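Working notes for the structure below.
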Amino acid sequence: QVQLVESGGGLVQAGGSLRLSCAASGRTFSNYGMGWFRQAPGKERELVARISWSGGSTYYTASVKGRFTISRDNAKNTVYLQMNSLKPEDTAVYYCAARDSPYSSSSAFGSWGQGTQVTVSS
């Protein structure tokens with residue numbers, strides 16, 4: 001079982017930047033794909049970005065492409081989400097998640113952090 005702890009959320013003005021971190025423990029971090037999701041009030045949780053176990057493959061939802069960057073440091077068991085040019089519509093609780101199966105690009109994201117609030121003011 002993996003434990004995930006997010007940090008780095010907060011209040012920022014539109015156009016600003018934040019970097020979210022997610023520290024993992026409990027299993028071999030470098031073997032698992034990771035993702036960042038978000039959920040805004042009244043909306044369903046959506047995938048924001050994901051990164052493969054090796055870090056060689058990434059995906060971004062269209063609304064954040066060119067503004068957000070997902071990365072991982074396997075030596076630190078940490079995945080990051082650098083968020084630039086933030087917009088009010090980016091306001092949400094952001095969750096880190098880990099895939100269930102190692103070396104997989106299709107297994108479910110079954111382990112979740114507690115979430116961190118990001119609020120972007122206009």
Side-chain angles (χ1 to χ4, degrees):
Q1 186 73 12
V2 62
Q3 291 77 45
L4 303 171
V5 179
E6 301 100 333
S7 61
L11 173 64
V12 64
Q13 289 188 332
S17 298
L18 284 173
R19 188 176 80 155
L20 306 184
S21 300
C22 172
S25 62
R27 67 182 185 188
T28 306
F29 173 77
S30 59
N31 294 348
Y32 294 84
M34 301 293 296
W36 284 98
F37 292 74
R38 67 185 179 187
Q39 187 167 21
K43 295 188 176 181
E44 294 188 353
R45 187 177 299 186
E46 66 167 342
L47 174 65
V48 176
R50 63 174 185 255
I51 188 166
S52 63
W53 61 274
S54 67
S57 176
T58 57
Y59 163 86
Y60 299 92
T61 193
S63 61
V64 309
K65 200 171 294 184
R67 300 188 297 122
F68 290 12
T69 302
I70 188 171
S71 62
R72 65 189 298 158
D73 185 339
N74 287 340
K76 295 183 178 180
N77 290 351
T78 302
V79 62
Y80 304 97
L81 186 68
Q82 177 66 45
M83 305 186 294
N84 298 330
S85 302
L86 283 161
K87 304 176 181 180
E89 51 263 43
D90 294 318
T91 295
V93 178
Y94 283 70
Y95 298 90
C96 170
R99 291 196 185 274
D100 286 339
S101 300
Y103 312 115
S104 171
S105 60
S106 60
S107 71
F109 288 97
S111 299
W112 297 83
Q114 82 288 350
T116 186
Q117 176 71 46
V118 171
T119 303
V120 184
S121 63
S122 57

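Only a predicted model underlies this, so the values are computations on that prediction, with no experimental measurement involved.
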Minimal non-hydrogen separation, [X] against [Y], with atom names:
X   : Y   : answer
N84 : S17 : OD1-OG, 2.9 Å
V2  : A98 : CG1-CB, 4.2 Å
M83 : L86 : CB-CD2, 3.8 Å

Indicate yes or no for a side-chain donor-acceptor contact from [X] to the backbone of [Y] under 3.5 Å, with no hydrogens or angles considered.
X    : Y    : answer
T28  : S30  : no
D100 : G110 : yes
S101 : S104 : no
Y60  : I70  : yes
Q82  : T69  : no
E6   : G115 : yes

Between [X] and [Y], is any pair of side-chain heavy atoms under 4.5 Å apart?
X    : Y   : answer
V118 : R38 : no
T61  : F68 : no
V79  : W36 : yes
R67  : D90 : yes

Rounded to the nearest 0.5 Å, how far apart are CE of M34 and CG of N74?
10.0 Å
From L4 atom CG to F29 atom CZ, the distance as rounded to the nearest 0.5 Å
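Those atoms lie 8.5 Å apart.
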Does R99 make a cation-pi contact with Y32 (under 6.0 Å, within 45 degrees of the axis)?
no
Heavy atoms from other residues, nucleotides or ligands near CD of Q114 exceed 12 (cutoff 6.0 Å)
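Yes, CD of Q114 has more than 12 neighbouring heavy atoms, counting only those of other groups under 6.0 Å.
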Can you sort out the partners of T91 under side chain to side chain contact (heavy atoms under 4.5 Å, CB included), two or more places apart, ordered by chain and number?
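For T91 the side chain to side chain contact (heavy atoms under 4.5 Å, CB included) partners, ignoring immediate neighbours, are Q117, T119, V120.
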Any pair with a residue in residues 102-122 that passes ring pair (Phe, Tyr, Trp, His ring centres under 6.0 Å), sequence neighbours left out, goes on the list, sorted by first then second residue, please.
F37-F109, F37-W112, W53-Y103
